[in-house]
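The chains referred to below are lettered A, B, ... by the order of the sequence lines, with proteins before strands, and numbering in each begins at 1. Quick caveat, the model's predicted, so the values are computed rather than measured. Heavy atoms only: backbone and side chains are in, while hydrogens, waters and symmetry mates are out.
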Protein chains: 2
Amino acid sequence: MTEATDTKKRILDVGEQLFLKGGYDSFSYRHISSALGIKNAAVHYHYPSKAELGAAVIRRARRRFARWREEVEARGDDAVQKLEALFGIFRNFLQAGTVCFGGALAINFPALPPEMQREAQDLNGDFLAWTEAVLREGRREGRFTFPGDPKDQAVVVLACIQGLLQIARETDPSHFDAAVTQLMRSMKA
Amino acid sequence: MTEATDTKKRILDVGEQLFLKGGYDSFSYRHISSALGIKNAAVHYHYPSKAELGAAVIRRARRRFARWREEVEARGDDAVQKLEALFGIFRNFLQAGTVCFGGALAINFPALPPEMQREAQDLNGDFLAWTEAVLREGRREGRFTFPGDPKDQAVVVLACIQGLLQIARETDPSHFDAAVTQLMRSMKA
DNA sequence: GTCTATAGCGGGATAGAC
DNA sequence: GTCTATCCCGCTATAGAC
């Protein structure tokens with residue numbers, strides 16, 4: 001990996017962290033450049049506009065989630081373990097002091113650059129589809145016992161952990177694990 | 001109500017809408033003043049700093065929720081009806097094209113003015129305490145059958161509808177009612 | 001690929017007239 | 001209570017040297 005692409009990757013790293021900590025409106029080229037010890041013109045060289053940088057951050061998150069799914073699949077986890085692995089992703093956000101992509105994108109979604117809106121919708125689709133498949137598989141194998149359509153239940157599960165991250169951030173972080181346990185129990189009882 | 005306090009109220013109205021649509025970073029004194037046909041110095045007269053305006057918006061939401069609780073109590077609703085009334089509050093946000101206070105406050109919570117952070121925590125406390133009481137009452141009367149502590153279940157319920165509003169905003173609004181129905185069914189089954 | 005320098009705009013906030 | 005005028009700052013983005 002050359003020095004050039006290394007800077008490009010670092011910009012994405014810092015940009016992602018700032019985005020997840022405060023949303024699209026909260027960070028600037030100066031925040032990123034000063035964190036990397038460079039000047040803001042250098043950031044513009046790699047990502048000419050903020051819209052492109054924002055879209056690139058979401059696009060990378062989608063690729064990362066795709067690789068993550070392959071790893072989980074390769075482990076041969078059952079549906080319960082898979083869902084717990086999903087909760088682990090969100091627990092990492094909590095420990096990093098951020099919200100998740102969905103939460104960071106939702107606040108001013110209609111005002112975001114169109115290419116970011118598209119990436120955000122695709123990322124949501126990825127998470128919803130995977131969760132639905134896991135819930136369906138788990139119920140078929142008798143590991144989950146929830147009523148209704150797995151598609152609707154997937155929305156409930158993802159909405160819950162997304163909201164949990166935010167409530168935990170505003171009040172008490174311990175709410176997260178307590179409520180995740182509660183959610184899991186309600187599907188296995 | 002004098003003209004003066006009327007302007008003050010209108011500032012709060014516009015400020016609240018802009019805040020719920022895009023978060024604290026998304027709006028300015030100019031947005032508010034131009035929406036009201038006045039100048040930004042006039043807004044500063046009523047709310048000298050943006051932090052005070054933001055705190056006042058949250059404070060009014062707390063008072064509104066307190067009045068709402070009294071109305072619901074006066075109607076003599078049962079626990080199921082009460083929870084459905086709560087969902088109605090959030091459905092109104094969806095129809096207004098906004099997220100809820102919790103979602104708007106979470107994104108950059110650590111960077112918010114301290115007085116806003118305090119009001120936000122109090123507002124969260126109000127919602128959590130009321131929801132917990134309703135869930136406890138409903139289970140005692142046999143209207144709900146969920147496992148575990150009503151306190152944890154209240155966090156699950158509020159996190160879910162908060163997240164739902166955001167997912168509905170990013171993808172398909174119809175997700176909201178479908179998932180709310182699913183959530184309700186999982187507690188009554 | 002990174003720099004200096006700067007354009008052009010919008011942000012929060014204030015002074016002082018009316 | 002609202003106005004005009006202004007300050008100072010930070011933002012995205014670009015031009016051109018190195």
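- To the nearest angstrom, C1' of dA13(D) lies 14 Å from CG of Leu53(A).
- Following rounding to the nearest Å, Arg10(B) (CZ) and dG1(D) (C1') show an atom-to-atom distance of 13 Å.
- Side chain of His46(A), nearest nucleotide from dT2(C), dA15(D), dT12(D): dT2(C).
- Contacts of residues 22-38 of chain A with DNA chain C (heavy atom under 4.0 Å): Ile38(A).
- At least one side-chain heavy atom of Arg64(B) sits under 4.5 Å from a side-chain heavy atom of Arg67(B).
- A donor-acceptor contact shorter than 3.5 Å links the side chain of Ser26(A) to the backbone of Gly23(A).
- The side chain of Thr7(A) sits closest to dT2(C) out of dT2(C), dT14(C), dT12(D).
- Among pairs with a residue in residues 6-35 of chain B, those fulfilling ring-ring contact (aromatic ring centres under 6.0 Å, His included) read Tyr29(B)-His44(B), at least two apart in sequence or across chains.
- Ion pairing between a basic and an acidic side chain is recognised when a charged N comes within 4.0 Å of a carboxylate O; Glu71(A) and Arg75(A) show no such pairing.
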Validation: residues 100-108 of chain B side-chain donor-acceptor distances under 3.5 Å, sequence neighbours left out:
residue: Asn108(B); atom: ND2; partner: Asp25(B); partner atom: OD2; Å: 3.2

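- The nearest whole Å value for the distance from the NE2 atom in His44(B) to the C1' atom in dC8(D) is 13 Å.
- Put simply, NZ on Lys8(A) is 9 Å from P on dG1(C), counting in whole angstrom units.
- For Asn40(B), the listed nucleotide lying nearest its side chain is dA13(C); candidates were dT2(D), dA13(C), dA15(D).
- Regarding Leu18(A), its CG atom lies at a distance of 11 Å from the P atom of dC11(D), rounded to whole Å.
- Here dT2(C) presents its P atom at 13 Å from NZ of Lys39(A), a figure rounded to the nearest Å.
- Taking 4.0 angstrom as the limit, Lys50(A) places a side-chain polar atom (N or O) nearer than this to OP1 or OP2 of dT12(D).
- As rounded to whole Å, 18 Å separates atom P of dG16(D) from atom OH of Tyr45(A).
- Side chains of Val80(B) and Phe144(B) form a contact here, defined as non-hydrogen atoms less than 4.5 Å apart.
- Side-chain contact check for Leu86(B) versus Leu158(B): some heavy-atom pair is nearer than 4.5 Å.
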